[in-house]
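Okay, so here's the structure we're looking at.
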Amino acid sequence: MPRIFLVEDDKAIAKNLILLLSSEGFTVTHASTQGEALAALGQNKSDLALIDISLPDGNGFIVCTQIRETLHIPVIFLTACQDEASVVTGLNIGADDYITKPFRPRELIARIKTALRKSGRTGSEFEIGGLHVDTASGIVRKNGMELFLSALEYRLLLVFLNNPKNIITRGMLLDELWDAAGEYVNDNTLTVYIKRLRLKIGDDPANPQIIMTVRGTGYRLGGGNASE
């Protein structure tokens, strides 16, 4: 059951959101201020954060930044601000999506499910080449030892795990990473991240068996593919 971390100071909106999300099968943890949200992050086991930008003691941007530093979960901003600057700021610091108030319930649920699917946080576990990935907790282990991946390295790995039978072009990888990154990802940067990821997850980086190169096309998942 996916878990949502809701940061919303308006009691009426928060109540309605909790009812809506619960009816869709989500478990909801609620914080009403920036301070409460930051204090809760250390104990947070959520799969997605739904954050109001305007908070009584600060703003959602600070909460999003802290989430990006400590958790591998997607962030969707709720905002009454429809100006371009607020939207751009939110996306630049790493938000995956935003939705303006008043919002349509079905649209919000659809955006949440899309973000969860793209991040791989739907409760799946993968085993491949001695690598174990638990997308519910965001923990990656190699031969039983936990690996520490950056947010982009983790997102890159999930792209391959979620497309086990497909050849993935560099353009497709750039598209997937662009909306998750708080920094610009270009072709050279992608090469660096693939090299780093191979070093961490492989036994022999010079002969990669999990992320394999398809010459002239892109990459594909090796290792006998991934099993859930």
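Note that the numbering runs from 1 along the sequence shown for the chain.
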Using atom types as modelled and distance alone, determine if a side-chain donor or acceptor of Arg68 lies under 3.5 Å from a backbone N or O of Ile73.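 Yes, the answer is positive, given that a donor and an acceptor are paired below the 3.5 Å cut-off.
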Sidechain-backbone polar pair: Glu153 side chain, Leu149 backbone, donor-acceptor under 3.5 Å: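 No.
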Is [Y] close to [X] at the side-chain level, that is, under 4.5 Å between some pair of heavy atoms?
X: Arg198; Y: Thr213; value: yes
X: Ile128; Y: Phe160; value: no
X: Leu173; Y: Ile194; value: yes
X: Ile67; Y: Ile51; value: yes
X: Leu50; Y: Leu6; value: yes
X: Ile168; Y: Val214; value: no
X: Asp203; Y: Gln209; value: no

Quiz item: Do Lys15 and Glu8 pass the salt bridge (charged side-chain N to carboxylate O under 4.0 Å, His left out) test, and can you show the C-alpha distance, the side-chain angles, and the key distance before you say yes or no?
Solution: CA-CA 10 Å; Lys15 180 180 179 180; Glu8 169 61 64; over 6 Å; no
Where is the tightest heavy-atom contact between [X] and [Y], given as atom of each residue plus distance?
X: Asp57; Y: Gly35; answer: OD2-N, 2.9 Å
X: Gly94; Y: Cys64; answer: C-SG, 4.3 Å
X: Ala37; Y: Val7; answer: CB-CG2, 3.8 Å
X: Lys200; Y: Phe148; answer: NZ-O, 3.0 Å
X: Gly58; Y: Gln34; answer: CA-OE1, 3.0 Å
X: Asp52; Y: Thr79; answer: OD1-CA, 4.4 Å

Apply side-chain contact (heavy atoms from CB on, under 4.5 Å) to the pair Asp47 and Phe26, showing each step before the final yes or no. CA-CA 10 Å; Asp47 300 298; Phe26 297 108; over 6 Å; no
Spatial distance of atom [atom1] ([X]) from atom [atom2] ([Y]) [nearest 0.5 Å]:
X: Leu21; Y: Arg3; atom1: CG; atom2: CZ; result: 14.5 Å
X: Leu147; Y: Met145; atom1: CG; atom2: CE; result: 9.0 Å
X: Asn16; Y: Leu19; atom1: CG; atom2: CG; result: 6.5 Å
X: Ile18; Y: Ile13; atom1: CD1; atom2: CD1; result: 12.0 Å
X: Leu161; Y: Ile211; atom1: CG; atom2: CD1; result: 8.5 Å
X: Leu78; Y: Asp97; atom1: CG; atom2: CG; result: 10.0 Å

I'd like to know whether Leu131 forms a side-chain contact (heavy atoms from CB on, under 4.5 Å) with Leu157, so could you lay out the CA-CA distance, the side-chain angles of the two residues, the decisive distance to 0.1 Å, and finally the verdict. CA-CA 11 Å; Leu131 198 70; Leu157 177 60; 4.2 Å; yes
| Does a donor on one side chain sit under 3.5 Å from an acceptor on the other, for Thr89 and Asn92? |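 Not at all, the side chains of Thr89 and Asn92 share no donor-acceptor pair under 3.5 Å.
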Please test Phe5 against Leu41 for side-chain contact (heavy atoms from CB on, under 4.5 Å), starting from the C-alpha separation and ending with a verdict.
CA-CA 9 Å; Phe5 183 38; Leu41 287 181; 3.7 Å; yes
Query raised in the report: Under 4.0 Å between a Lys/Arg side-chain N and an Asp/Glu carboxylate O for Arg141 and Asp134?
Result: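 No salt bridge links Arg141 with Asp134.
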In one Ile/Leu/Val/Met/Phe/Trp/Tyr side-chain cluster, 4.5 Å: [X], [Y]:
X: Ile167; Y: Leu221; answer: no
X: Leu197; Y: Val192; answer: no
X: Leu48; Y: Phe103; answer: yes

Candidates Leu108, Val28, Asp10 - the one meeting side chain to side chain contact (heavy atoms under 4.5 Å, CB included) with Leu17: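 Passing option: Leu108.
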Asn188 vs Thr191, test: side-chain hydrogen bond (donor to acceptor under 3.5 Å, both in side chains). Steps then yes/no.
CA-CA 5 Å; Asn188 291 333; Thr191 298; 5.3 Å; no
Carefully, step by step, assess Arg111 and Asp96 under the rule salt bridge (charged side-chain N to carboxylate O under 4.0 Å, His left out). CA-CA 10 Å; Arg111 288 175 181 265; Asp96 295 81; over 6 Å; no
request  = Could you go through the side-chain contact (heavy atoms from CB on, under 4.5 Å) check for Arg170 and Asp187 one step at a time?
outcome  = CA-CA 8 Å; Arg170 292 179 67 87; Asp187 197 65; 2.9 Å; yes
